[in-house]
Every structure is written in C-alpha cells, then in structure tokens.
Enquirer: 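Could you have a look at this structure, given as structure tokens, before my questions?
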Number of protein chains: 2
Amino acid sequence: MKYSGQARLLVAVDCIIFGFDGDNFKILLIQRGFAPEKKKWSLMGGFIQPEESLEIAANRILKKLTGLEGVYMEQLQAFSNPDRDPVERTIAVAYFALIDIQKYQKQLSTDYHAEWFLLDKMPKLILDHNPMVEIAKNRLRYKAALHPLLFELLPEKFTIPQLQALYEGLYSTTFDKRNFSRKLLSTGLLIRQKEKDKENSRKGAFYFKLDKLKYSDNFDAFLKFIPNPDKFIS
Amino acid sequence: MKYSGQARLLVAVDCIIFGFDGDNFKILLIQRGFAPEKKKWSLMGGFIQPEESLEIAANRILKKLTGLEGVYMEQLQAFSNPDRDPVERTIAVAYFALIDIQKYQKQLSTDYHAEWFLLDKMPKLILDHNPMVEIAKNRLRYKAALHPLLFELLPEKFTIPQLQALYEGLYSTTFDKRNFSRKLLSTGLLIRQKEKDKENSRKGAFYFKLDKLKYSDNFDAFLKFIPNPDKFIS
DNA sequence: TTTATAAATGTAAAAATTACACTTAATATT
DNA sequence: AATATTAAGTGTAATTTTTACATTTATAAA
C-alpha cells in the first residue's frame, strides 16, 4: 500500500562543522572528488538511506569525516529550492555540529580532502552551501547568546581567557574581561582546577572544567551570555 | 544526468496552525476524509510538488485550508523516523503558523472537516502529529519569550488586557498587570487608539495598534517579554 | 634582583526588575 | 440623581542586574 501519484525526491543531509582553534572559528570543508563540481569545496554531506532517520544519517556522515561520535549536533533547517541542485531535485536538511578541534583525527579524512578553513576566509562552496553556512553562523550566534553551547568547541580543560576569545570571535567584538569572567563564573557551570595553562603567559591562567551535571541541567536555561545579542545577528 | 543508486522519498509538509480566541489558545485540525486513518484527526498537510519549495508548499496548504495568505509561518523541523508513516517512508517538514482567528473563513474548510480545538484539549492525532504539536508549542513559547511574535495572533486592534491574557495563556501563568503593561508599552511597538473596547468592562480598555514599522524593525530584537522563560519551556 | 606580561580582581553608578495597592472611568442599580 | 459595581489604569520604593572602569598579582625571562 503506497501513496500513488506523488513525486519522490532525493533527501540529502549536509553538515556544517564548526571548530575553534584557540584564536579563530573554523569550518571543516571537503573537496569533492567526483563530478559534478569536482574539486570544488563543499560541506560534507550524503543522501539519507532507506532505514535511517536524518539524525542518524547526519551522525553517520559526521563520523565518516571526523571519526567522532556523540558530538553536539542540531538540525538547522531544510533547504528546498527546486533549483538548488542542477543535477536532480534534492532537498537538503542541514545540521550543524560543534566539535573540539583537537579531537578531530586528520588521517580519517584524507579520503575526502578535508580542510579546516577560517570561517571568515571561506572559499566559495557548491550549490547553496554558502547560504547554509551563513544561516548556521547566525543560528550559532543566536543560540550561544542564551545557552552554554560554546563549551562544545573547547577541550575538557580550558581557561577563562580562552573562553573569552571564543565568545569574542563568534561575535567579532570585545568584552570587558572583569565583567565577562564574573558573568561566566556566576553561572556556576565552571569548576576551577589546580593547574594552570602556562602556554600563553608567565603568570598562567587557571584551567576550568565544566560541571557536567549542572551543564546538562542548564543547557536549555536562558543564561544571557551576551548583552543585546540582536546587535550581532543578521 | 541523475544521482544513481539512491532512494527517493516522499516529502510531506504539515502545518501546525495556532489561533487565540481571546481566552484560549487553539489549534486548527482536520478530520481525514480518506484512508488510511480515515476520520482520525490530523494536522493539515500535503506532499511537496515537483516545482515547489517547502515554503511554497506550506503556504499552498495553509491557504487551501484557511483561505489566508501572507500569514506568519516558520519552519519547525523535519521529522524523519523511518517508521513514522506505516504506508510508505515519508519525511515530513513541519511548519507552524500563527493566524488571527477572526480572519479564518470557516466555509473554506468544510471540505476538510476542519475544527478549532483548545490546545489543552486536543484529540489524539495520526502518525507523529502529537509530538510535532508539542515541539511547536515549545518553540512558540521559546520564541514569544524573546520576540514580539504573538501579535500575529491578534486582530489589528487589541487591548492590553487581551494581550496579557494571550501571554498568560501561552505560559499558563499570571503576570502582574502593572509590570506587564509597563514592559509591553516600553517596547514602543504599541500605539494607543482613541476608542475603547467596551465588551469586557464598564470602564472599557483602550485599543492599541501595532506600530508596523517598529514591529518589523524589532521582530528579531531580543525583547525579553517573559522573565525566566526556561521555567516554561520543556 | 629587576623587568615584562597577561591574569585576576573590586566597587560605585546606572539600569532593569520586582513587589505591591489605590484611583478612575463608565455602566448598572436603586 | 445618587450609589454601587467592576475592570482598567497607574506609581513608587526596594532589589537585582548590568555596566564602566584601574590596580594588583603571579610567574618567567632578562
């Protein structure tokens, strides 16, 4: 028993993979090894398989490229312009992922000619992938203004100055460090460690870890990390 | 030139249509006139056509049911569990719409046996439509806490007490009317009219209209209508 | 021992939010 | 005509949150 007389379409999943290298936001792109658009840069994607949900497909695709599982990933939206793929009508559901760039295993992706690009210096991508990335950036700015999302981009131990650089990078602005650290510490999500990071200064900066329990409890809380976030969202 | 060896799927659009009758939130449902699940209540939906984007399809479907165009509508998310439709694998992209219930033309929908239900007293729906509605309610609560979205549910002229009832209904709570009106008026979005609504009190309540220019300018602004919105969002 | 450098911290002023109760306008009642 | 009724409308003081801003501290290098 089937629905007759209706068109069936290809459904693709595309992953927008964000990372942070300590100084700048990055995005992981691949160079297509096959026609059409061979050699052009692209988001990592693939078609949904008959037995998969979109979430499963997105995780499969992410794992294939990065070797990572259990990564933060969120459905962005479906892109459905009938002309978006000149080869054949395809609907793409975009997901964005936040990964700890240090966990990314380069060798896994040599198959795909993957490369991290500075988010601000991204090449032209195939199809409608550039607008997808723009929408994902905005969604990330939106969500990170209210929820403790950006920790997903950091390693287990991180310092307050690193965290501030992360926020400042996302919003292309600067924050007063006294107010910033007070706000972040007041969430109660951070546990100070005894060790310091001595890489970036003589004095060293204390490492912090996330209080994972409080983190998962507060993930959906409105924490107002960024004052007037609408200034930064287009 | 086609992508070979990939499965093609049905893609459906389902519309979650919210209204407000002055006292309660409502949702517009239809009773399916055909098998499977004939006579069961359902969201209004349909399959995407070859030349349509999802947005166009959603608007087509909404217009067919309500007669309305230019309505506020937003993509909720794609639902893709492989078993969600027992007849045939179908991906559904849900949209939610906010309409002024007074503009809804009943006669248009007799074709579909459409009916407004109290949102809290909704029947069981087919497939995964109940969870779709739950997700839509949460999204609406989330977004309305920050953005001036709910005006889409009201007629052109409305009173502050009506507006407060609307917010109180969505969050199942009460607000102090002094603080509520101060907050809403401080947005600068409301223009007081000379006439009063005398339906609900002897004194009468002043009508207000939206300042449409400021409204569209501020639609994406973070206005914090609701204190601690995470209390209300699950 | 001194110097250099980034990390860490406190406080006062301003703004926003909260809690709370009386007055007013208009109709209905006597 | 006076009075009662009812929901609309409004103000203020206390608290909390946010903002602006400068000095001290820890450490390694010279």
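Just so it is clear, the structure is predicted and the values come from calculations on it, not from any experiment. The sequence lines fix the lettering, A, B, ..., with proteins before strands; numbering per chain opens at 1.
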Enquirer: Is any N or O donor-acceptor pair between the side chain of Arg182(B) and the base of dT12(D) shorter than 3.5 Å?
Expert: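 Yes, the side chain and the base share a sub-3.5 Å donor-acceptor pair.
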Enquirer: Can you check the Phe175(A) CZ to dA8(C) P distance for me, whole Å?
Expert: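 Interatomic distance, CZ of Phe175(A) to P of dA8(C): 18 Å.
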Enquirer: How many whole angstroms separate atom CZ of Arg202(A) from atom C1' of dA30(D)?
Expert: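 Spelled out: CZ on Arg202(A) to C1' on dA30(D) is 8 Å.
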Enquirer: Need to verify one output field. Residue with the more 5' nearest nucleotide on DNA chain C, Arg192(A) or Ser201(A)?
Expert: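 Final value for this comparison: Ser201(A).
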Enquirer: Just checking Glu199(A): does its CD atom have more than 12 heavy atoms from other residues, nucleotides or ligands closer to it than 6.0 angstrom?
Expert: no
Enquirer: In terms of the nearest nucleotide of DNA chain D, which residue is placed more toward the 5' end: Lys224(B) or Asn200(B)?
Expert: Asn200(B)
Enquirer: Starting from P on dT6(D), measure out to CD on Glu199(B) and report it in whole angstrom.
Expert: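 It works out to 19 Å between those atoms.
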Enquirer: Going by atom types alone, do Asn138(A) and Ser234(A) pair a side-chain donor with an acceptor below 3.5 Å?
Expert: yes
Enquirer: Taking atom types as they are modelled, is there a donor-acceptor pair under 3.5 Å from the base of dA7(C) to the side chain of Lys177(A)?
Expert: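 Present.
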Enquirer: Pick the closest DNA chain C nucleotide for Arg178(B) and for Phe206(A) by heavy atoms, then say which residue is nearer the 5' end.
Expert: Phe206(A)
Enquirer: So is Arg141(B) actually on top of Phe232(B)'s ring, under 6.0 Å and inside 45° of the axis?
Expert: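 That pair does not qualify as a cation-pi contact.
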Enquirer: Can Glu195(B) and Tyr207(B) be counted as having a side-chain donor-acceptor contact under 3.5 angstrom?
Expert: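 No pair is found: no donor N or O on one side chain lies under 3.5 Å from an acceptor on the other.
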Enquirer: Using atom CZ of Phe180(A) as one end and atom C1' of dA7(C) as the other, report the distance to the nearest whole Å.
Expert: 14 Å
Enquirer: Nearest whole angstrom, please: distance from the P of dG9(D) to the CD of Gln162(B).
Expert: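 These atoms are roughly 11 Å apart.
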Enquirer: Strictly below 4.0 Å: does Lys198(B) bring a side-chain N or O up to OP1 or OP2 of dA26(C)?
Expert: no
Enquirer: Can you tell me the distance, in whole Å, between the CG atom of Leu223(B) and the P atom of dT17(C)?
Expert: 11 Å
Enquirer: Can you check the Lys203(A) NZ to dA26(D) C1' distance for me, whole Å?
Expert: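 Between C1' of dA26(D) and NZ of Lys203(A): 5 Å.
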Enquirer: With Tyr95(B) as reference, evaluate Glu74(B), Glu55(B), Gln77(B) under the side chain to side chain donor-acceptor pair (under 3.5 Å) test and give the passing residue.
Expert: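 Of the listed residues Glu74(B), Glu55(B), Gln77(B), the side chain to side chain donor-acceptor pair (under 3.5 Å) partner of Tyr95(B) is Glu55(B).
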Enquirer: Expressed as a whole number of angstroms, how long is the span from Lys183(A):NZ to dA20(D):P?
Expert: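 Roughly 11 Å, once rounded to whole Å.
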